[in-house]
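To start, the structure under review is shown below, and the notes come after it.
Each chain gets a letter, A, B and so on, in the order the sequences are listed, and its residues count up from 1. Because the structure is a prediction, the values reported are computed rather than measured.
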2 protein chains.
Amino acid sequence: MAVVRELVRTYQAFSAYSEENIRELGLTAPQFDVICTLGNTSGMMMGQLAEKTLVTKGTLTGIVDRLEQKGLVRREVPPENRRCFIIVLTPEGERVFESVFPSHIHHLKERLGHLTDAETQQITAALKRLRELF
Amino acid sequence: MAVVRELVRTYQAFSAYSEENIRELGLTAPQFDVICTLGNTSGMMMGQLAEKTLVTKGTLTGIVDRLEQKGLVRREVPPENRRCFIIVLTPEGERVFESVFPSHIHHLKERLGHLTDAETQQITAALKRLRELF
DNA sequence: TATTGTTATACTCTATAACTATA
DNA sequence: TATAGTTATAGAGTATAACAATA
């Protein structure tokens with residue numbers, strides 16, 4: 001069971017460190033997740049987006065609403081299927097993704113840079129092994 | 001960055017697996033966390049409990065309220081300091097901790113049992129190393 | 001004055017199920 | 001009928017700041 005405890009504590013440590021950055025942008029974790037998922041794509045339907053971010057579509061509606069209010073994403077109606085929306089990053093959203101995401105990454109890299117290549121490989125392998133069990 | 005992705009995905013896998021069990025009891029993750037923290041103790045002040053479960057005291061008030069409604073914990077006022085409460089598991093709460101917690105553990109062990117001792121050690125060490133960085 | 005918790009406020013997330021519009 | 005999303009409903013967690021009671 002020590003393994004599980006370690007996993008949880010490590011994730012919590014990462015999570016606390018990470019959310020600090022996200023919050024400074026006035027974003028929540030799910031909102032940040034959506035921005036990152038849309039980054040480097042040409043947009044995505046609500047359904048796809050919900051699947052990738054592991055939330056239900058009803059929940060996603062609210063998250064996208066709030067991102068739209070902030071001007072970071074917009075809903076586009078494709079003429080060939082007017083039932084659905086394509087969610088796309090606005091230029092402002094792109095800017096957030098491109099400037100903030102790397103700075104987030106940068107923050108993390110500052111920490112992870114202390115690992116040797118061998119350590120990185122070991123840790124990655126360990127986590128994969130553990131994940132296979134669930 | 002692959003390391004972080006692995007960590008997140010592994011935790012999500014664990015979390016999905018774990019929350020399934022918790023939900024079946026009509027509990028939420030924070031509530032379960034409180035029960036586990038109180039288990040095998042003689043009780044704890046709100047402040048301590050908040051610190052251990054990583055939520056603010058205002059938030060904890062609501063969580064403890066709901067557990068009290070379910071009859072799983074109670075607030076005891078120590079005569080020597082009437083400002084504070086000692087939160088204690090009720091017999092019903094003990095029962096949940098003792099019967100449900102092990103069954104939760106049991107579910108996890110089913111999975112973790114597939115690890116050799118060496119693997120367990122490796123993974124634990126890897127997670128510790130990673131956590132140190134945050 | 002300092003400490004311990006609660007309360008008030010305001011939001012976000014969450015799932016489920018019913019609903020609307022389009023195909 | 002089936003599909004894509006929204007809306008309605010109801011609850012839980014979240015932080016912050018103001019507050020009450022006790023020490």
Could you state the atom-to-atom distance from CG of L60(A) to C1' of dT12(C) in whole Å?
14 Å

Interatomic spacing from CG in L130(B) to NZ in K128(B) - rounded to 0.5 Å:
13.5 Å

With L127(A) as partner, the option from L7(B), V8(B), V4(B), I123(B) fulfilling side chain to side chain contact (heavy atoms under 4.5 Å, CB included) is L7(B)

Please enumerate all residues that pass side-chain contact (heavy atoms from CB on, under 4.5 Å) together with E119(B), with sequence neighbours excluded.
R129(A), L115(B), T116(B)

Taken to the nearest whole Å, CG/L27(A) to P/dC11(C) is 17 Å

Within the 4.5 Å heavy-atom criterion, are T10(A) and Y11(B) side-chain neighbours or not?
no

Taking everything shown except R75(A) itself, do over 12 heavy atoms lie less than 6.0 Å from its CZ?
yes

According to a strict under-4.0 Å criterion, is T61(B) in side-chain N/O contact with OP1 or OP2 of dT6(C)?
yes

What is the distance, rounded to the nearest whole Å, between atom CD of E68(B) and atom C1' of dG5(C)?
13 Å

Sugar-phosphate atoms are those with a prime plus P, OP1 and OP2; base atoms are the rest. Using that split, label each nucleotide of nucleotides 13-23 of chain C B, S or - for protein heavy atoms under 4.0 Å, 5' to 3'.
SBBB----BBS

Using a 4.5 Å cut-off on heavy atoms from C-beta on, say whether the side chain of K70(A) contacts that of L27(A).
yes

Roughly how many Å is it from CD in E76(B) to P in dG5(C), rounded to a whole number?
13 Å

CG of D65(B) versus C1' of dA8(C): gap in Å, rounded?
14 Å

Main-chain N/O of F14(B) paired with S18(B) side-chain donor or acceptor, under 3.5 Å
no

So with a 6.0 Å cut-off around CD of E51(A), is the heavy-atom count from everything else above 12?
no

For DNA chain C, which residues in residues 39-51 of chain A have a heavy atom at a distance below 4.0 Å?
none

